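Note that the structure is a prediction, hence the values are computed from the model and not measured.
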Amino acid sequence: QVQLVESGGGLVQAGGSLRLSCAASGRTFSRYAMGWFRQAPGKEREFVAAITSSGTMIVYADSMKGRFAISRDNAKNTMYLQMNSLKPEDTAVYYCAARSALTWTRLKEDYNYWGQGTQVTVSS
């Protein structure tokens, strides 16, 4: 089992940047594929990005390509999401998730563990 805690959210102006972190408990972090999702008020939770357990393969939602970068440091049991050129429509609660598998997936139903989320607000 793994517990996840997100941090790094906040209020930023459009065009600004934030880096989110997801700290995982346990000694088997490197066995989990990880993902970032987000949920805006009144909307479904949507896929943002995912990374394989080794960090060698990454996938992004189309609207985040070129602006967001997912990474992980297995030695620190931590995953990151660097968000650049932020837009008001990026405003949401951002969640990290872990999957008991080596490969990534875009489907939230395939993730076994979730953090509590961190709020990101982008002002225009």
Atom [atom1] in [X], atom [atom2] in [Y]: separation rounded to 0.5 Å?
X: S30; Y: R72; atom1: OG; atom2: CZ; value: 7.5 Å
X: K87; Y: S63; atom1: NZ; atom2: OG; value: 7.5 Å
X: S17; Y: R67; atom1: OG; atom2: CZ; value: 10.5 Å
X: L11; Y: Q119; atom1: CG; atom2: CD; value: 9.5 Å

Practice problem: Please indicate whether R31 has more than 12 foreign heavy atoms, meaning atoms of other residues, nucleotides or ligands, lying under 6.0 Å from its CZ. | Solution: no
Quiz item: Around atom CD of Q3, are there more than 12 heavy atoms of other residues, nucleotides or ligands at under 6.0 Å?
Solution: no
Practice problem: Please identify each residue that fulfils side-chain hydrogen bond (donor to acceptor under 3.5 Å, both in side chains) with Q82, with sequence neighbours left out. | Solution: N84
Quiz item: Does the T56 side chain pair with the main chain of S54, one donor and one acceptor, at a distance under 3.5 Å?
Solution: no
Quiz item: What residues, two or more places apart in sequence or in another chain, satisfy salt bridge (charged side-chain N to carboxylate O under 4.0 Å, His left out) together with K65?
Solution: D62
Self-check item: Set of residues satisfying salt bridge (charged side-chain N to carboxylate O under 4.0 Å, His left out) with respect to R38, sequence neighbours excluded
Solution: E46, D90
Quiz item: Is L81 isolated, or which residues cluster with it under the ILVMFWY side-chain rule of less than 4.5 Å, directly or via members?
Solution: V2, L4, V12, L18, L20, F29, Y32, M34, W36, V48, I51, I58, Y60, M64, F68, I70, M79, M83, L86, Y94, Y113, V120, V122
Practice problem: Run through the side-chain heavy atoms of Ile, Leu, Val, Met, Phe, Trp and Tyr, join any pair under 4.5 Å, and report what else lands in L102's cluster. | Solution: none
Quiz item: Who pairs with F37 by ring-ring contact (aromatic ring centres under 6.0 Å, His included), at least two apart in sequence or on another chain?
Solution: F47, Y111, W114
Quiz item: At their closest point, which heavy atom of E6 faces which heavy atom of Q116, and how far apart are they?
Solution: OE1-N, 3.0 Å
Exercise. Kindly give the heavy-atom pair with the smallest separation between W104 and A50, and that separation in Å.
Key: CB-CB, 3.6 Å
